[in-house]
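A short write-up of the structure that comes next.
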Amino acid sequence: MDQTGRSLISLEGLNREDIIWLLDQAALFEAQPNRKILDGKIVATLFFEPSTRTRLSFETAVNRLGGRVIGFSDAATTSSSKGETLKDTIMMVSNYADLIIMRHYLEGAARYASEVSPVPIINAGDGANQHPSQTMLDLYSMRKTQGRLDNLNIYLVGDLKYGRTVHSMLVAMRFFNPTFHFISPKELQMPEEWKKYCMDNGIKFIEHSVLDEETIADADILYMTRVQRERFSDLAEYERVKDSFILTNSMLDNTRPNLRIMHPLPRVHEISQDVDDNPKAYYFQQAKNGLYVREALICNALNLL
Ligand code: CP
């Protein structure tokens with residue numbers, strides 16, 4: 001439903017079997033990340049918003065698979081700064097590339113691009129909306145650390161209003177009977193439309209307003225998120241809420257042994273540096289898993305699996 005051709009715009013278009021199959025493919029890439037599957041293919045990475053992990057892991061994936069990358073990481077250097085429309089940019093780049101991976105600050109930009117593009121589009125994040133490749137690597141990381149995706153207690157902490165990764169996660173996890181706990185300041189609560197999405201899809205959720213040892217005692221996954229400064233129109237409000245929830249090492253003493261702390265990164269202040277050496281910290285390995293998952297997503301978009 002949400003895939004135009006072989007584009008990946010949101011995870012709405014995938015069912016449980018599709019998700020598991022893609023994760024299995026990613027596991028094969030983890031076992032063997034260097035394969036010449038993309039020989040002769042050109043992939044464009046168009047980043048209208050800053051990125052470290054998403055762009056570099058997608059580009060690494062193309063390079064490891066023998067393809068070539070064109071693109072930009074700063075739209076100010078492109079003709080969009082002269083007023084070229086997104087449609088025209090996509091039409092031009094599709095003359096040169098077999099696949100376009102795009103991050104854009106506008107919600108819905110990736111869907112629009114997929115509707116006008118003759119080549120597949122992978123959404124690398126559109127505004128506060130969704131970030132499907134991040135969610136696939138999040139699911140991969142959950143399955144790898146927990147041994148399953150079903151029946152997990154997943155605690156989403158921080159900016160649940162603007163954080164696109166948590167929205168995509170709700171979509172993907174609807175097949176796996178999770179219990180979500182939403183922990184955020186009231187200004188950054190999970191938006192009503194996403195709570196309705198949960199209710200419509202039978203996804204259990206509980207809302208909390210504090211992050212402490214007691215609240216997270218039953219967590220299998222503690223998914224921390226950054227307060228998204230770039231989405232605030234009022235920076236005074238950002239300053240007021242930015243340090244609302246900070247995870248410290250001492251909060252983890254009585255948590256479940258299988259707990260893993262995840263974060264899509266970048267981290268600002270929300271995970272104290274002293275958590276990094278805790279064996280339950282998983283965010284750096286999580287980002288590494290992104291390479292294998294993105295190898296699978298690229299090959300799937302190009303119908304090469
Ligand atoms: N997780 C994520 O999207 O990170 P980047 O913004 O660095 O790509």
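Here, residue 1 is the first one in the sequence, and each next residue gets the next number. Remember, predicted model here, so these are calculated numbers, not experimental data. In each ligand, atom 1 is the first atom listed, and ligand 1 is the first ligand listed. The figures that follow rest on heavy atoms only: side chains count, while hydrogens, waters and symmetry mates do not.
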request  = If the plane angle is over 60° it's perpendicular, under 30° parallel, otherwise tilted; pick one for Trp194 and His167.
outcome  = parallel

request  = Spell out, as yes or no, whether a donor-acceptor pair under 3.5 Å connects the side chain of Thr54 to the backbone of Ser51.
outcome  = no

note = residues 80-92 vs salt bridge (Lys or Arg N to Asp or Glu O under 4.0 Å), sequence neighbours excluded, gives none

remark   = Heavy-atom contacts under 4.0 Å to ligand 1, chain-then-number order, include exactly Ser51, Thr52, Arg53, Thr54, Arg103, His131, Gln134, Pro264, Leu265

ask   = Residues in ring pair (Phe, Tyr, Trp, His ring centres under 6.0 Å) with Tyr162, at least two apart?
value = Phe232

ask   = Under the 4.5 Å side-chain heavy-atom rule for ILVMFWY, direct or indirect, which residues accompany Ile70?
value = Ile42, Tyr96

inquiry  = I'd like to know if Arg256 pairs up with Asp220 as an ion pair, taking the criterion as any Lys NZ or Arg NE/NH1/NH2 lying under 4.0 Å from an Asp or Glu carboxylate oxygen.
reply    = yes

